[in-house]
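Data block below; observations after.
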Amino acid sequence: SQARFEERMRALRDGFIAGLPERLATMRAALRAEDRATLQHEAHRLAGTGVSYGLPELTSWGRAVEKKVKGGAPLATLDAELEQLSALIAQVELPQASG
């Protein structure tokens, strides 16, 4: 039924949101380790899944960061990007009003 589908999607979205701080931590660790592959992979994952969960700002962020990492941007410049991701995560973690 539609209600069951919506409940399942809400659970998936909640799980995705719950995992965002861990992804941010993974990306911060990758930045410290100068691990471009992991940074690019995680940014790519966010780009691919953000819009699916109604979070197009995460998709935009992921695309932009993936492009920077691929393009060889100095990793030091990505510190600000991760702070921006942290702010985005803080916004989406606000309790969702259930309808």
Side-chain angles (χ1 to χ4, degrees):
S1 73
Q2 184 66 25
R4 194 173 297 139
F5 172 78
E6 287 174 8
E7 183 57 38
R8 183 160 162 69
M9 284 306 296
R10 192 166 19 257
L12 286 171
R13 183 179 192 272
D14 289 350
F16 173 77
I17 290 169
L20 289 174
E22 188 176 323
R23 284 209 181 158
L24 175 60
T26 296
M27 293 182 82
R28 283 189 167 141
L31 184 61
R32 284 192 301 275
E34 298 185 13
D35 178 355
R36 282 186 180 273
T38 296
L39 282 166
Q40 185 178 326
H41 176 75
E42 289 298 322
H44 179 81
R45 287 177 64 198
L46 287 174
T49 53
V51 78
S52 303
Y53 292 109
L55 302 166
E57 60 278 7
L58 286 180
T59 291
S60 299
W61 183 92
R63 282 189 185 134
V65 170
E66 182 182 17
K67 188 175 178 180
K68 282 185 180 181
V69 174
K70 262 186 181 172
L75 291 179
T77 65
L78 296 178
D79 230 15
E81 305 292 346
L82 293 183
E83 287 310 310
Q84 185 185 13
L85 177 59
S86 180
L88 286 172
I89 289 170
Q91 289 171 9
V92 297
E93 281 185 320
L94 296 172
Q96 301 295 315
S98 56

Non-hydrogen atoms of Gly62 and Ala47 that approach each other most closely: C-CB, 3.8 Å
For Lys70, side-chain contact (heavy atoms from CB on, under 4.5 Å) partners two or more places apart: Gln40, Glu66
Name the atoms and distances for all side-chain donor-acceptor pairs under 3.5 Å in residues 74-90, with sequence neighbours left out.
from: Thr77; atom 1: OG1; to: Pro74; atom 2: O; distance (Å): 2.6
from: Glu81; atom 1: OE2; to: Lys68; atom 2: NZ; distance (Å): 2.2
from: Glu83; atom 1: OE2; to: Arg28; atom 2: NH2; distance (Å): 2.7

In one Ile/Leu/Val/Met/Phe/Trp/Tyr side-chain cluster, 4.5 Å: Met9, Ile17: yes
Shortest non-hydrogen separation from Ala43 to Val65 and the atoms involved: CB-CG1, 3.9 Å
Results of side chain to side chain donor-acceptor pair (under 3.5 Å) for Arg63 - residues two or more places apart only: none
Pairing residues for Glu6 by the side chain to side chain donor-acceptor pair (under 3.5 Å) criterion, not counting sequence neighbours: Gln2
Inter- and intrachain pairs under ring-ring contact (aromatic ring centres under 6.0 Å, His included), touching residues 62-85, at least two apart: none
Test: Glu7 and Arg4 ion pair at under 4.0 Å: no
Pairs touching residues 20-41 that satisfy ring-ring contact (aromatic ring centres under 6.0 Å, His included), sequence neighbours left out: none
By side chain to side chain donor-acceptor pair (under 3.5 Å) - contacts of Thr38 (at least two apart): Asp35
Pair listing, salt bridge (Lys or Arg N to Asp or Glu O under 4.0 Å) test, anchored in residues 50-61, at least two apart: none
Smallest separation among heavy atoms of Leu20 and Leu46, with atom names: CD2-CD2, 3.6 Å
Single-linkage hydrophobic cluster, 4.5 Å side-chain cutoff, Val51 and Leu12 together: no
Pairwise ring-ring contact (aromatic ring centres under 6.0 Å, His included) hits with a residue in residues 44-83, at least two apart: Phe16-Tyr53
Leu55 to Arg13 - nearest heavy-atom pair and separation: CD2-NH2, 3.3 Å
Qualifying ring-ring contact (aromatic ring centres under 6.0 Å, His included) pairs with a residue from residues 62-87, counting only residues at least two apart or across chains: none
Between CD on residue Glu22 and OG1 on residue Thr26, distance to nearest 0.5 Å: 5.5 Å
